[in-house]
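For this chain, numbers begin at 1 and follow the sequence in order. Just so it is clear, the structure is predicted and the values come from calculations on it, not from any experiment. When reading the values below, keep in mind they use all heavy atoms of this one structure, side chains included, and skip hydrogens, waters and symmetry mates.
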Amino acid sequence: MTNVAPVKWAQRSDSIYVTICLPDVTDEKIELGTNSLDFKGKSNGKDYECHLEFLRTVKKDGSVWKVLPRSIQILLKKEEEDTGFWERLLKDKQLEKTNVKVDWDRYVDEDEEESNPNFDMSNLEGGM
């Protein structure tokens, strides 16, 4: 039986930060498309997967991810940087309510973005 991987997200006007909250992931497979992200992997002997169909498109070039001991960190570049903040991450509202949470540690309000314009990228250095 495959479990749904827990996901958190935050954004800036030009990018999306997605965290797959699983420790010690092995056999990971991540496929990024312009409008979706597919993940499969193992954590603590259990199989996990998730399929995220984004509300809008992202750039494959410039997007990076890295498998860390406690999670998988993914930085996605928005295709249309001038569209500002997305109202949600996924095209399917119901799926987002059950499978995706806001990453309050990285959350910045739209009107506060100028004082904190970038994500902490130190975890992604040397990423994919």
Peer 1: For the residue pair S36 and L32, what are the closest heavy atoms and their distance?
Peer 2: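 Taking every non-hydrogen atom into account, O-CD1, 3.5 Å.
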
Peer 1: So, for Y48 and T2, which heavy atoms are closest and what is the spacing to 0.1 Å?
Peer 2: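 Scanning both residues, the minimum pair turns out to be C-CG2, 3.9 Å.
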
Peer 1: To check you understand the geometry: which heavy-atom pair defines the closest contact between N44 and P23, and what is its length?
Peer 2: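 Where N44 meets P23 most closely, the heavy atoms are ND2-CG, 3.8 Å.
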
Peer 1: For V7 and C50: C-alpha separation, side-chain torsions, deciding distance, then whether side chain to side chain contact (heavy atoms under 4.5 Å, CB included) applies.
Peer 2: CA-CA 9 Å; V7 174; C50 69; 4.1 Å; yes

Peer 1: Going from CG on L55 to CD1 on I16, what distance comes out if it is rounded to the nearest 0.5 angstrom?
Peer 2: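 The CD1 atom of I16 is 9.0 Å from CG of L55, to the nearest 0.5 Å.
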
Peer 1: According to side chain to side chain contact (heavy atoms under 4.5 Å, CB included), who are the partners of K59, at least two apart in sequence or on a separate chain?
Peer 2: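 Applying side chain to side chain contact (heavy atoms under 4.5 Å, CB included) to K59 gives K77, E79, E81.
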
Peer 1: Under a 3.5 Å cutoff, is there a donor and acceptor pairing between the side chains of Q11 and Y17?
Peer 2: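 Y17 and Q11 do not have a side-chain donor-acceptor pair below 3.5 Å.
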
Peer 1: Tell me, with the steps shown, if E87 and R56 meet salt bridge (Lys or Arg N to Asp or Glu O under 4.0 Å).
Peer 2: CA-CA 10 Å; E87 54 270 22; R56 298 199 182 105; 3.4 Å; yes

Peer 1: What distance do N99 atom CG and L89 atom CG have between them, rounded to the nearest 0.5 Å?
Peer 2: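 Here the rounded value is 11.0 Å.
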
Peer 1: Taking all atoms of both residues into account, what is the closest heavy-atom pair of W65 and I74, and its distance?
Peer 2: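 It is CB-CG1, 3.6 Å.
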
Peer 1: What's the separation between atom CG in D105 and atom OG1 in T19, rounded to the nearest 0.5 Å?
Peer 2: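 Taking CG in D105 and OG1 in T19, the distance rounds to 9.0 Å.
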
Peer 1: Check whether any side-chain heavy atom of S15 lies under 4.5 Å from a side-chain heavy atom of L75, and answer yes or no.
Peer 2: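 Answer yes - side chains close enough.
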
Peer 1: Does one side chain, of E28 or T26, offer a donor that lies under 3.5 Å from an acceptor on the other?
Peer 2: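 No pair is found: no donor N or O on one side chain lies under 3.5 Å from an acceptor on the other.
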
Peer 1: Determine whether a donor-acceptor pair (N or O, by modelled atom type, separation under 3.5 Å) exists between the side chain of R88 and the backbone of L90.
Peer 2: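 Indeed, once roles are kept as given, a pair shorter than 3.5 Å links the two residues.
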
Peer 1: Looking at S63 and L76, what are the two nearest heavy atoms and their distance?
Peer 2: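 Looking at all heavy atoms of both residues, the closest pair is OG-CA, 3.4 Å.
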
Peer 1: Do the numbers put K78 on top of the ring of F54, so that NZ or CZ is under 6.0 Å from the six-membered ring centre and no more than 45° off the axis?
Peer 2: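 Judged by the rule (NZ or CZ under 6.0 Å from the ring centre, within 45° of its axis), K78 is not positioned above F54.
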
Peer 1: Measure the spacing between CG of L37 and CD1 of I20 and express it to the nearest 0.5 Å.
Peer 2: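 It is 5.5 Å, given to the nearest 0.5 Å.
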
Peer 1: So does E31 pair up with K60, basic N to acidic O under 4.0 Å?
Peer 2: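 No, E31 and K60 are not salt-bridged.
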
Peer 1: Can you measure from CZ (R70) to OG (S43) and round to the nearest 0.5 angstrom?
Peer 2: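 The distance works out to 10.5 Å.
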
Peer 1: If you look only at pairs with a residue in residues 93-102, which of them pass as a salt bridge (Lys or Arg N to Asp or Glu O under 4.0 Å), with sequence neighbours excluded?
Peer 2: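 The answer is none; no pair qualifies.
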
Peer 1: Does any N or O in the side chain of D103 come within less than 3.5 Å of the main-chain N or O of A10, such that one atom is a donor and the other an acceptor?
Peer 2: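 Absent.
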
Peer 1: Can you find a pair of side-chain heavy atoms, one from I72 and one from F39, that are under 4.5 Å apart?
Peer 2: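 Of all side-chain heavy-atom pairs linking F39 with I72, at least one is under 4.5 Å.
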
Peer 1: Quick one: CD on Q73 to NZ on K8, what's the gap to the nearest 0.5 Å?
Peer 2: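 Here the interatomic distance stands at 8.5 Å.
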
